[in-house]
There are 2 protein chains.
Amino acid sequence: MRTLVKDLPEKIGETVELMGFLHWRRDLGKVQFLLLRDRTGVVQVVTGGRRLPLPESSLRVVGRVVANEKAPGGLEVQAEELEVLSPALEPTPVEIPKEEWRANPETLLEYRYVTLRGEKARAPLRVQAALVRGFRRYLDRQGFTEVFTPKVVRAGAEGGSGLFGVDYFEHRAYLAQSPQLYKQILVGVYERVYEVAPVWRAEDHATSRHLNEYLSLDVEMGFIGSEEELLRLEEELLQEMLEEAYVSAGREMELLEAERPSLPRDIPRLTHQEARRLLREELGYPAGADLSEEAERLLGQYAKKRWGSDWLFITRYPRALRPFYTYPEPDGTTRGFDLLFRGLEITSGGQRIHRYEELLESLKAKGMDPEGFRGYLEVFKYGMPPHGGFAIGAERLTQKLLGLPNVRYARAFPRDRHRLEP
Amino acid sequence: MRTLVKDLPEKIGETVELMGFLHWRRDLGKVQFLLLRDRTGVVQVVTGGRRLPLPESSLRVVGRVVANEKAPGGLEVQAEELEVLSPALEPTPVEIPKEEWRANPETLLEYRYVTLRGEKARAPLRVQAALVRGFRRYLDRQGFTEVFTPKVVRAGAEGGSGLFGVDYFEHRAYLAQSPQLYKQILVGVYERVYEVAPVWRAEDHATSRHLNEYLSLDVEMGFIGSEEELLRLEEELLQEMLEEAYVSAGREMELLEAERPSLPRDIPRLTHQEARRLLREELGYPAGADLSEEAERLLGQYAKKRWGSDWLFITRYPRALRPFYTYPEPDGTTRGFDLLFRGLEITSGGQRIHRYEELLESLKAKGMDPEGFRGYLEVFKYGMPPHGGFAIGAERLTQKLLGLPNVRYARAFPRDRHRLEP
C-alpha cells in the first residue's frame with residue numbers, strides 16, 4: 001500500500017512504501033542521501049552502500065519514517081528496500097531541483113516534457129485545474145449546462161482574419177476562434193451554457209501575454225435584463241474559482257508565493273468614457289479610444305490604489321470597438337465590457353443583440369456583408385431571448401494570479417508563433 | 001423573480017413569472033392555449049383575447065398557477081400578462097413539439113440550430129454533461145489532475161494516417177487524434193491525469209457510429225503494477241458516471257425511456273483469444289483476428305445473456321492489433337484491452353511500454369522508423385514509471401446508454417464526412 005509524501009507526518013515510526021522520482025542525490029560513500037519527489041511533495045531518503053541511478057529515475061522505496069529536524073519537512077525515510085522502477089538514461093537537460101522557472105524560457109520550453117516536472121513548474125497547472133473546477137461547480141449550481149461545440153468550423157465568428165486553416169476532406173475549414181455563435185444558439189436550447197475548451201488565434205504576436213492556442217472559459221446566459229446580470233455573475237463566479245484554488249491547490253499557491261488577490265464583492269467599475277477621462281486628466285496618459293496595454297496597466301494600478309481592488313470592470317465600450325453582435329445603446333456605446341485583473345484584460349463580454357433585424361442593421365452599420373453571416377443569422381429568426389455572456393482566458397488568469405512572468409508557463413505545452421513542439 | 005417550470009407544483013394558488021419559448025399554440029377564438037417550454041420542462045398556459053406569435057417566440061408570462069388534472073403535469077398557468085420578448089419571424093423548418101428525433105436525420109441535422117430545442121433532442125447532451133461531471137468528480141477524488149494538452153500537433157501519435165492538416169503559419173501541422181503522447185508525458189509530472197477534450201479522425205466512414213470530431217474522456221495513471229488497476233479504475237469510474245446521470249439528469253433519462261444498464265461491480269472479462277474461440281465454437285461466427293462490428297455485437301449479446309451484464313472487457317489483445325506503445329506479454333499478446341457496452345466498443349486502453357529500449361524494439365518489430373518518433377521517444381529517457389490508461393468516447397457511451405439510433409444525436413453540432421455546418 002503506497003503512502004504519499006504529503007501523508008508522511010502522520011506515519012512517523014512506521015514502515016511505508018513510497019513511489020516517485022529521484023529528485024536529487026548525494027553520495028557520501030557509506031551513506032547516500034536522496035530526495036524522492038511524488039505528486040504531493042518531496043522527502044529525504046537515506047540509504048547505505050548503494051549506487052544511486054541518475055536523477056529522474058523512478059523509484060520504489062520501502063523504509064521507516066523517522067523525525068529529523070534537519071531534513072526538509074522535519075522527517076526522513078530510512079530505506080530498507082530501494083527498487084529502480086525505470087532508470088533515467090541521460091542527465092536531464094536542466095537540473096530539475098535547481099529549476100529557475102523564471103529564467104531561460106527557451107530552454108525550459110524546449111525541454112518542457114521533462115522541465116515541467118519541477119515543483120514550481122508543475123504548480124501553475126494544478127492551480128489552473130482548481131480554478132476550472134470552481135468555474136464549473138459554480139455554474140452547475142446556477143443551472144448552467146456544460147456544452148461541447150465544434151472546433152472545426154466553416155467560417156470565423158467575427159469575419160475572416162486571424163484564423164488557422166484546416167483541410168477538412170475536400171473543404172476549406174478553420175479552427176474556431178471562439179464558440180461565440182454556438183454558445184448563442186445553445187442559449188436558445190439550454191438557456192444557460194458554459195464551455196471549457198481550446199480556441200485558436202492565428203495572430204503574429206510574440207509577447208509574454210499571447211498564446212496561439214489557449215483555454216477559453218465561456219459563459220452564455222439567456223433571459224437577462226441587461227449586462228448587469230453578467231457582471232454580477234462574474235463577480236460571484238470568480239469568488240468561487242479563487243476559493244477552490246486556495247482550498248484544493250493551497251500547497252501550490254504557497255510554493256509559488258502567490259499574493260492573495262483582493263476581490264471585493266462589488267468589483268469597481270468605470271465606463272470606457274470615464275476610464276479615458278481618468279487616464280487623460282488624472283494619470284497623464286494620452287489614451288486613445290482603444291485602450292492600450294499600458295493604459296490597462298495604469299487603470300489596474302489606479303483601481304488597486306483607489307479601491308484596494310485587483311479587479312476592474314470597464315463597461316459601455318463604444319460601438320466602434322466591439323463586434324457587430326454587441327448590444328448597442330442609443331448614445332453610441334454598447335453593453336459590452338472587459339474585466340481587468342492586475343491591469344491585464346482577462347475577460348471580454350457583453351449583452352448580445354437578440355433580434356434578427358437589429359443584427360442586420362448592425363452588420364450594415366459596420367460595413368460588413370450580411371451574406372457572409374447567413375448561417376449565423378438564421379437562428380435569430382426563431383425567438384432568441386435577450387442574452388449575453390463572457391469568456392475568461394484561463395492562462396491569463398492563472399498567470400496574473402501566480403505572478404508568472406510569461407503566460408506560456410500557464411499552459412502545459414504552449415503553441416506560439418514559433419513553437420509546435422513538444 | 002422568475003419561476004422555473006419544474007418548480008410549479010409547489011406554487012399552486014400563487015402568481016408566478018415564467019420565461020421560455022412558445023412550444024405549441026391553439027387558438028379557440030376567445031381562449032388561447034399554449035405550451036411554454038423552459039430549460040426544465042413544459043407547462044400549459046391559458047390566456048384570452050390575444051393573438052399568439054409564431055412557435056419558438058420567447059415569452060414572459062405572469063399568471064396564477066392552478067391545478068388542472070387534464071393539463072400536462074396536472075396544472076396550468078392562467079396568464080395575466082403575456083409579453084413577447086422576441087418573436088419568431090418564420091415557422092420552424094420542423095415542428096418542435098412533434099419532433100420525431102428518431103426520423104429524418106438529414107433534416108434534423110441541417111436545422112440543428114433550432115431542432116435541438118426539442119425536449120427529446122436536447123436531452124442527450126444534458127445526460128452527457130452529467131456523465132462527464134461524474135467522470136471528473138471520481139478522478140478528482142482519486143488524486144488525478146485535469147490537464148489541457150495541445151490540439152495542434154507536429155505529427156500523429158500513431159503515424160501519419162487519418163489526420164486533418166492545419167496551416168500553422170508557415171508550418172504543416174495536424175489536429176490531434178488523441179492526447180496519447182501528452183498524457184503519457186504528464187504521468188511523469190502529475191502521475192495521474194485526465195483530459196476531456198475533442199479529438200479528430202480524418203476517416204472516410206459515414207456510419208451511424210462514427211464522428212470525425214468527438215469528445216474523448218482520457219485517463220492515464222502512473223505507478224501501476226499491470227493493466228488490472230486500469231480495469232478496476234474504469235469499473236468504479238463508470239459506476240459514478242452512471243450514478244451522476246441518474247441523479248442529475250434523471251428527468252432526461254426518463255423522457256428518453258432509457259433502459260437502465262446493468263453494470264456489475266466486476267465487469268465480465270474475456271481474453272481476445274477466448275472471445276474468438278467463443279465466437280467460432282459457440283456463436284457460429286467465423287471471427288477474424290480483428291473483431292468486426294458484428295463480432296462485437298454478438299459478444300455483447302452473449303455477455304448480457306450469460307452474465308446479465310451490458311458491459312464486457314476484452315483483454316490481452318494480440319500485439320499485431322495494438323499500437324507500438326502497448327505493453328507486450330511474452331506470449332505475443334499485450335496488456336491492451338477494449339470495453340464493449342451493449343456490443344459497441346466505447347473504450348480502448350492498456351498498459352504502455354515505459355522503457356526507452358523496449359519502445360525502440362517495438363517500433364522496429366512493427367517495421368516503423370524510430371526516427372519518425374524522436375520527439376515521442378525523448379521523454380522515455382527520463383525514468384518514466386510503469387503506467388497505462390484508456391479513453392472513453394463520450395458520444396458512443398451516450399448513444400448506447402440512451403439507445404439513440406445515431407451517434408450524431410449525442411453531439412451538439414456533429415462533424416462528419418459531409419457536414420461542416422451548422
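Per chain, numbering begins at 1; letters A, B, ... match sequence-line order. Treat the numbers as computed from the prediction; the structure is a model and nothing was measured.
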Under 3.5 Å, side chain of [X] to main-chain N/O of [Y], donor-acceptor pair present?
X      : Y      : result
A/S86  : B/R355 : no
A/R117 : B/G188 : yes
B/S57  : A/G383 : no
A/Y382 : B/Y113 : no
B/E90  : A/K381 : no
B/R415 : A/P150 : no

Can you tell me how far [atom2] of [Y] sits from [atom1] of [X], rounded to the nearest 0.5 angstrom?
X      : Y      : atom1 : atom2 : value
A/D38  : B/F223 : CG    : CZ    : 8.0 Å
B/I224 : A/M19  : CD1   : CE    : 11.0 Å
A/T149 : B/E213 : OG1   : CD    : 8.0 Å
B/Y214 : A/F148 : OH    : CZ    : 14.5 Å
A/E421 : B/R374 : CD    : CZ    : 10.0 Å
A/L125 : B/L186 : CG    : CG    : 8.0 Å

Does any heavy atom of chain A fall under 4.5 Å from the side chain of [X], the backbone, both, or neither of them?
X      : result
B/Q184 : neither
B/R417 : both
B/V187 : backbone

Region of A/R419 that comes under 4.5 Å of a non-hydrogen atom in chain B: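 Contact with chain B involves the backbone of A/R419 alone.
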
Heavy-atom contact with chain B under 4.5 Å, split by part of A/L22: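 It is neither, since no heavy atom gets under 4.5 Å.
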
How close do [X] and [Y] get, counting heavy atoms only, and between which atoms?
X      : Y      : value
A/Y190 : B/R122 : OH-O, 2.6 Å
B/Y182 : A/P422 : OH-C, 3.3 Å
B/F169 : A/E203 : CZ-O, 3.5 Å
B/L420 : A/V153 : CD2-C, 4.3 Å
B/P385 : A/S58  : CA-OG, 3.6 Å

Heavy-atom side-chain proximity of A/V193 to B/R39 below 4.5 angstrom: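 They are not in contact (no side-chain heavy atoms under 4.5 Å apart), so the answer is no.
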
Out of [options], which one racks up the most heavy-atom pairs below 4.5 Å with chain B?
options                       : value
A/H354, A/H171, A/R2          : A/R2
A/T40, A/D204, A/V114, A/L215 : A/L215
A/A173, A/P55, A/P198, A/G143 : A/G143
A/E378, A/E56, A/R136, A/E170 : A/R136
A/R112, A/R192, A/Q128        : A/R192
A/G165, A/A129, A/A412        : A/G165

[options]: which one forms the most heavy-atom pairs within less than 4.5 Å of chain A?
options                     : value
B/G222, B/P87, B/P53        : B/P87
B/I185, B/V166, B/V152      : B/V152
B/L54, B/D140, B/L4, B/V196 : B/D140

Geometric class of the B/Y168/A/F164 ring pair [parallel <30°, tilted 30-60°, perpendicular >60°]: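 The rings of A/F164 and B/Y168 lie parallel, inter-plane angle below 30°.
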
